[in-house]
Amino acid sequence: MSAMSSNVENLSPQIIRRVAKELQELVLDPPEGIKVTLNEEDVTNIQAYIEGPAGTPYAGGVFKVKLALGKDFPQGPPKAFFLTKIFHPNVAKSGEICVNTLKKDWKPDLGIKHILLTIKCLLIVPNAESALNEEAGKLLLEHYDGYSQRAKMMTEIHALAQKVPKAGIEMSMDGPLAKKHASDKKVAADKKKLLKDKKRTLKRL
């Protein structure tokens, strides 16, 4: 385990126990549309899958997010990132998420569940005021249809291929899900061609 990527040794045993307990509860009783995967070696590196909410350009997609707890947690907020590419005003191209809950509105008693629900809410109600992606923020304010079209296209290219794994288990491309859909190879091939065309279109935008 690399000390560079982990803050386990920097956090008190009480904080680690609290985080581990909350993660266990999230796995056993996940909020709707959110699945957390457990990393027993490093509870400071939290990964979850958030389903794109219905009625948004992200609907049908599955987005992988990561929370990184710093050594000052819970006094200081964790950093949050989208690992799945997404076109959203409050998500930088690096994947970093900007939301008040993780900035000025942070409180030490806010838990992991609250953070994940806040990120999901951000997919429903983006905030153009604190845009990290200025292009997305400008489109959202001035030309919603254009914003929606770009966000939907990015979702189709990057987030539709993902499947939500069973809670607590890392995703495997050759697991039961893959076998279950083996008969859909032609559909998948057609979809792949469609995505290639969409990627070309996106590059031209």
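Hydrogens, waters and symmetry mates play no part in the numbers below; they use all other heavy atoms, side chains included.
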Say whether, by atom type as modelled, one donor and one acceptor occur between the side chain of [X] and the main chain of [Y] under 3.5 angstrom.
{"X": "S148", "Y": "Y144", "answer": "no"}
{"X": "T101", "Y": "W106", "answer": "no"}
{"X": "T37", "Y": "Q47", "answer": "yes"}
{"X": "N100", "Y": "K103", "answer": "no"}
{"X": "N10", "Y": "G70", "answer": "no"}
{"X": "K113", "Y": "L23", "answer": "no"}
{"X": "D72", "Y": "Q75", "answer": "no"}
{"X": "N90", "Y": "P126", "answer": "no"}

Using side-chain heavy atoms (C-beta onward) and a distance below 4.5 Å, is [X] in contact with [Y]?
{"X": "R150", "Y": "E135", "result": "yes"}
{"X": "V19", "Y": "I46", "result": "yes"}
{"X": "L26", "Y": "P31", "result": "yes"}
{"X": "F63", "Y": "L83", "result": "no"}

I need the [X] [atom1] to [Y] [atom2] distance, nearest 0.5 Å.
{"X": "I50", "Y": "I34", "atom1": "CD1", "atom2": "CD1", "value": "5.0 Å"}
{"X": "Y147", "Y": "E142", "atom1": "OH", "atom2": "CD", "value": "14.5 Å"}
{"X": "H143", "Y": "Q149", "atom1": "NE2", "atom2": "CD", "value": "7.5 Å"}
{"X": "Y49", "Y": "L116", "atom1": "OH", "atom2": "CG", "value": "13.0 Å"}
{"X": "L160", "Y": "M154", "atom1": "CG", "atom2": "CE", "value": "12.5 Å"}
{"X": "I119", "Y": "F82", "atom1": "CD1", "atom2": "CZ", "value": "6.0 Å"}

Less than 6.0 angstrom separating the ring centers of Y58 and H88, yes or no?
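Between Y58 and H88, the centre distance is under 6.0 Å.
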Which atoms form the tightest heavy-atom contact between [X] and [Y], and what is the distance?
{"X": "T84", "Y": "K64", "value": "OG1-N, 2.8 Å"}
{"X": "A151", "Y": "P57", "value": "CB-CB, 3.6 Å"}
{"X": "I115", "Y": "P78", "value": "CD1-CG, 3.6 Å"}
{"X": "L11", "Y": "I16", "value": "O-CD1, 3.7 Å"}
{"X": "P74", "Y": "R18", "value": "CG-NH1, 3.7 Å"}
{"X": "V43", "Y": "L69", "value": "O-CD1, 4.0 Å"}

- request: Kindly work out whether a path of hydrophobic side-chain contacts (I/L/V/M/F/W/Y, heavy atoms less than 4.5 Å apart) joins F81 to L67.
  value: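 No; L67 is not reachable from F81 via cluster members.
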Quiz prompt | Hphob cluster co-occupancy, L132 + I97, side-chain heavy atoms under 4.5 angstrom | solution =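 The answer is no; the residues belong to distinct hydrophobic clusters.
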Please assess Q24 against L38 for the test side-chain contact (heavy atoms from CB on, under 4.5 Å), listing each intermediate value before the final yes or no. CA-CA 8 Å; Q24 193 67 47; L38 282 180; 3.7 Å; yes
Residues K21, E25: salt bridge by 4.0 Å N-O rule
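Looking at K21 and E25, the cut-off is met.
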(message) Heavy-atom count check: over 12 atoms from other residues, nucleotides or ligands less than 6.0 Å from K152 NZ?
(response)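 Check fails, neighbour count at 12 or below.
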